[in-house]
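Below is one structure, written out as C-alpha cells; comments come after it.
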Amino acid sequence: GGFGHLELVDPASCATGEIVHRLIRALPWPISGSIALNLYVAVASDTGNFANANTNARAFELAAEMVALGVKPIDIARHLFDDYSVSKLRLLGLMLGSLEILEGGRLAVLSVTRRMLEMAEADLEDSAGLINQVSSMAGVEVIALMTEAEAGGIEVSLRSRNGINVASVAERLGGGGHPNAAGLRLEAPLKSARR
C-alpha cells in the first residue's frame with residue numbers, strides 16, 4: 001500500500017481482477033474477449049487456480065461469467081500452471097536442491113541463484129511460480145523462496161498456511177502482500193538474506 005494518487009483496496013476480494021471487474025461494470029464498459037481473458041487470468045493466478053484460501057464464491061462467479069464470454073479454462077490452466085519449458089524444469093530441480101527445512105519442519109527455505117539460471121539455461125521469468133511447486137509439502141507452514149535479482153539484492157517470496165500471516169513479516173522488512181502470499185526485497189547477499 002501507500003503508492004499512487006488514488007487507491008482502491010479491498011482485502012476481501014479474491015483477486016485484483018475482481019476489483020477491476022467491479023470497476024468495469026460500474027462504468028459501464030463492455031467486456032471484450034481480451035478483457036474477459038485477462039480478468040479470468042487475474043482470478044485464476046491470484047487464487048492459485050481456485051485452490052488458495054482467498055478463493056470464494058465470487059471467484060467462481062467471475063470465472064463462470066468469463067467462460068460464458070468465451071474463455072477456455074483448460075487453455076489458461078495449461079499455460080499458467082502446467083506448460084513448463086525444459087529450462088524451467090531444470091531450474092525447478094536446482095531450486096529443490098537448495099531446500100533447507102527449519103523450525104522442526106514448519107519452515108522451508110529455497111533459493112534461485114544467477115548460477116542456477118545459467119546452469120538451467122533459464123531466465124528470471126522461469127522462476128515465476130516455482131514457489132507454488134513446494135507449497136503442498138507436508139508439515140511445512142511457511143515457505144520462503146529467495147531469488148537473486150538482476151539488479152542485485154534478493155527478492156523474497158513468502159507463502160503460508162494454517163493462519164500464519166506472512167504479510168506482517170514482509171511489511172516489517174519493507175514489503176507487503178496478503179496474509180498467505182507476500183514478498184519483499186533485501187539488499188543483501190544471498191547468504192545474509194537466508195539468515
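- For the pair Glu61/His21, no side-chain contact is recorded, criterion being any heavy-atom separation below 4.5 Å from C-beta on.
- Side chain of Ser45 to main chain of Leu80: no donor-acceptor pair is present (N/O by atom type, distance under 3.5 Å, no hydrogens or angles).
- Within 6.0 Å of atom CD in Glu118, more than 12 heavy atoms from other residues, nucleotides or ligands are found, so the atom counts as buried in its surroundings.
- Asn52 contributes no side-chain N or O that, together with a main-chain N or O of Thr55, makes up a donor-acceptor pair within less than 3.5 Å.
- Between Ile154 and Glu187 the shortest side-chain heavy-atom distance does not fall below 4.5 Å.
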Show the atom names and distances, to 0.1 Å, of all donor-acceptor pairs under 3.5 Å that link a side chain in residues 141-151 to residues at least two apart or in another chain.
from	atom 1	to	atom 2	distance (Å)
Glu141	OE1	Arg106	NE	2.6
Glu141	OE1	Arg106	NH2	2.9
Glu141	OE2	Asn162	ND2	3.1
Glu148	OE1	Arg114	N	2.8

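- Looking at heavy atoms from C-beta onward, Leu110 lies out of side-chain contact with Val112 at the 4.5 angstrom threshold.
- Annotation: side-chain contact (heavy atoms from CB on, under 4.5 Å) contacts of Leu8 (sequence neighbours excluded): Ile19, Leu23.
- Side-chain atoms of Glu65 and Tyr40 include no donor-acceptor pair closer than 3.5 Å.
- In this structure, CD on Glu100 lies 4.5 Å from CG on Leu102, to the nearest 0.5 angstrom.
- Side-chain contact between Pro73 and Asp75 is absent, with no heavy atoms from C-beta onward closer than 4.5 Å.
- Crowding of Ile74 atom CD1: a count of heavy atoms from other residues, nucleotides or ligands under 6.0 Å not exceeding 12.
- Between the Arg185 side chain and the Leu173 main chain, no donor and acceptor come within less than 3.5 Å of each other.
- A heavy-atom distance below 4.5 Å is not found between the side chains of Ile35 and Met66.
- Residues Ile131 and Leu184 fall into different hydrophobic clusters, defined by Ile, Leu, Val, Met, Phe, Trp and Tyr side chains chained together at heavy-atom separations under 4.5 Å.
- Each of Leu69, Val20, Val71 was evaluated against Leu39; a single residue qualifies, Val20, per the side chain to side chain contact (heavy atoms under 4.5 Å, CB included) test.
- At least one donor-acceptor pair closer than 3.5 Å links the side chain of Thr113 to the backbone N or O of Met116.
- At a cut-off of 3.5 Å, with distance as the only test, no side-chain donor of Thr47 or Asn54 sits close to an acceptor on the other residue.
- Val140 and Leu107 fall into different hydrophobic clusters, where Ile, Leu, Val, Met, Phe, Trp and Tyr side chains are chained together by heavy-atom contacts under 4.5 Å.
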Return all side-chain donor-acceptor pairs below 3.5 angstrom for residues 86-96, not counting sequence neighbours, or 'none' if the list is empty.
from	atom 1	to	atom 2	distance (Å)
Ser87	OG	Ser85	OG	3.0
Ser87	OG	Asp126	OD2	3.4
Lys88	NZ	Ala128	O	2.7

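- Using a 3.5 Å distance cut-off with no hydrogens or angles, the side chains of His178 and Arg159 do not pair a donor with an acceptor.
- Here the CZ-SG distance, from Phe50 to Cys14, works out to 8.0 Å after rounding to the nearest 0.5 Å.
- Note: the hydrophobic cluster containing Leu62 also contains Ile76 (ILVMFWY, side chain heavy atoms under 4.5 Å, direct or indirect links).
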Audit row: Asn165, Asn180, side-chain contact (heavy atoms from CB on, under 4.5 Å) steps and yes/no: CA-CA 6 Å; Asn165 185 344; Asn180 298 112; over 6 Å; no

